[in-house]
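Data first, discussion second: the structure below is written as structure tokens.
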Amino acid sequence: MGPSAAVAAVRRAVRGALADLSPGDLVLVACSGGPDSTSLAVATAFEAPRAGLRAGAVTVDHGLQSGSAERAVTVAGQLRELGLEPVEVATVEVATEGGPESAARTARYAALDDAAHRLRAAAVLLGHTLDDQAETVLLGLARGSGARSLAGMAARRGIYRRPLLGLPGALLTEMSAEHHVWVDPHNDDPAFARTRVRHDVLPRIEAALGPGVAAALARTAALLREDADALDAWAAKEHVRAVGDPARPNDLDVDVLCDLPPAVRTRVLRRVAIAAGAPPTDLTAEHVGELDRLLTDWHGQGPLHLPGRVRATRRCGTLSLTTAG
């Protein structure tokens, strides 16, 4: 008797995500012990050896709930029972900047980056599903985000891969039913915006509009990602063209920038602000908008102060961004 439809679908998704890796490569699964990442770990433990790959895992203890350290040790033991090796528990300290969800995510990715570097992993697999993608799009809409944010999560970005991004969460829950699965209390805590979207907003939308909303939002994200990638590539080329002197990469030709469509011009401005030292997480759309006004609504104003002690000035047809000493 073969695997269930749910198991077969998850294995197939993982198999596709591993197809371009070389025999002997190490792939790590980021596993919280919840239904999605547990299913991912089970499927990876099955598929990786058949592709000649080594498979390990990392579970992150955020220290945000009582007993989290003990829970992380239990999850690590379950992962080893699957045959995954190496398995690490990464204990992190979650800061307070940017809200608890954002701070936890920052700490988690820093731990995964460190583990991947130390263990020389070729890929790190994340358990985000189609439902997670839909939630990301809705949250972006509520915040008034641009196309890049609404494009949601990429199936691949650098070392990270999300094999389950096209699969509904219900399918992962079905697959994980036979395993000892931990349910993160945060998943039911209404203090978190994503929890409210998952348990209240999306069900209400589907009740009003009919089933399939999550899948439609995920398709929207995929379409917007193609558009955002194209605009980013265009902006990268125009950034190079706007730099008159390669020795001064943060000095841009005002005329070149003003000839660009706003969607491209603002991307160039964000790129150069980050290159000059503005932290991407602190550089808001409002900052970029004020920077754009130095080009499109110029009447002698300035200098403009940006995050990271970056200062923007316009003089003699040149927009210059410098970092204060």
Side-chain angles (χ1 to χ4, degrees), residues 95-99 101-103 105-107 109-110 113-114 117 136 139-154 156-160 224-325:
T96 57
E97 294 83 1
E101 290 175 279
S102 176
R105 182 171 56 251
T106 298
Y109 277 102
D113 285 344
D114 175 70
H117 176 74
T136 299
L139 287 167
L141 284 169
R143 293 167 181 152
S145 302
R148 175 53 66 190
S149 180
L150 297 181
M153 297 174 284
R156 294 191 182 190
R157 181 173 290 252
I159 198 171
Y160 293 101
L224 283 171
R225 179 166 296 280
E226 292 178 359
D227 293 346
D229 287 346
L231 288 169
D232 286 347
W234 185 357
K237 293 179 181 179
E238 296 297 345
H239 185 180
V240 173
R241 192 167 71 90
V243 175
D245 182 357
R248 301 177 64 88
N250 297 330
D251 286 358
L252 305 178
D253 188 302
V254 168
D255 290 336
V256 171
L257 293 176
C258 286
D259 284 341
L260 298 175
V264 179
R265 183 174 61 246
T266 53
R267 279 171 164 78
V268 174
L269 295 175
R270 179 174 174 80
R271 285 173 58 89
V272 73
I274 292 171
T281 54
D282 296 336
L283 188 66
T284 66
E286 288 74 17
H287 291 131
V288 176
E290 288 301 308
L291 190 55
D292 193 44
R293 288 185 63 240
L294 292 180
L295 304 173
T296 61
D297 189 22
W298 169 249
H299 47 79
Q301 76 269 30
L304 175 64
H305 296 279
L306 301 172
R309 299 171 62 86
V310 173
R311 187 176 75 163
T313 57
R314 173 174 170 166
R315 183 178 180 183
C316 300
T318 299
L319 179 68
S320 298
L321 283 81
T322 58
T323 303

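Since this is a predicted model, take the numbers as computed values, not measurements.
- Of the inter-residue distances, the one linking L319 atom CG with D292 atom CG reads 9.5 Å to the nearest 0.5 angstrom.
- The two residues Y160 and Y109 come nearest to each other via the heavy atoms OH-O, 3.5 Å.
- Here the CG-CG distance, from L252 to L291, works out to 8.5 Å after rounding to the nearest 0.5 Å.
- Within the 4.5 Å cutoff, side-chain heavy atoms of L260 are placed close to those of R241.
- Shown here for R293 and Q301, the closest heavy-atom pair between the two residues is O-NE2, 3.4 Å.
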Report the C-alpha distance between R148 and D227 in whole Å, list the side-chain angles of each, state the deciding distance to 0.1 Å, and finish with yes or no for salt bridge (charged side-chain N to carboxylate O under 4.0 Å, His left out). CA-CA 9 Å; R148 175 53 66 190; D227 293 346; over 6 Å; no

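- By the 4.5 Å heavy-atom criterion applied to side chains, H305 and E290 are not counted as neighbours.
- Remark: D113 CG to I159 CD1 distance equals 8.0 Å, nearest 0.5 Å.
- Residue T266 comes nearest to V288 through the heavy atom pair O-CG1, 3.6 Å, listed as atom of the first residue, atom of the second, then distance.
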Identify all side-chain donor-acceptor contacts of residues 268-280 below 3.5 Å with residues at least two apart in sequence or on another chain.
{"residue": "R270", "atom": "NH1", "partner": "L283", "partner atom": "O", "Å": "3.0"}
{"residue": "R270", "atom": "NH2", "partner": "P280", "partner atom": "O", "Å": "3.3"}
{"residue": "R271", "atom": "NE", "partner": "H239", "partner atom": "ND1", "Å": "3.3"}

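- Taking CZ from R314 and CG from L304, the interatomic distance works out to 13.5 Å, rounded to the nearest 0.5 Å.
- For the pair L150 and L141, the minimum side-chain heavy-atom distance is below 4.5 Å.
- The main-chain N or O of D114 is never found under 3.5 Å from a side-chain atom of H117 such that the two would form a donor-acceptor pair.
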Side chain to side chain contact (heavy atoms under 4.5 Å, CB included), that's the test. Do N250 and V310 meet it? Break it down for me. CA-CA 11 Å; N250 297 330; V310 173; over 6 Å; no

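- Between T296 and R265, some side-chain heavy-atom pair lies under the 4.5 Å cut-off.
- In this structure R248 satisfies the salt bridge (Lys or Arg N to Asp or Glu O under 4.0 Å) test together with D251, sequence neighbours excluded.
- Between S320 and T318 the shortest heavy-atom distance is OG-CG2, 3.6 Å.
- Smallest separation of non-hydrogen atoms from P246 and P249: O-CD, 3.6 Å.
- The two residues A312 and L321 come nearest to each other via the heavy atoms CB-CG, 4.0 Å.
- For the atom pair CG of L306 and CZ of R311, the computed distance is 11.5 Å after rounding to the nearest 0.5 Å.
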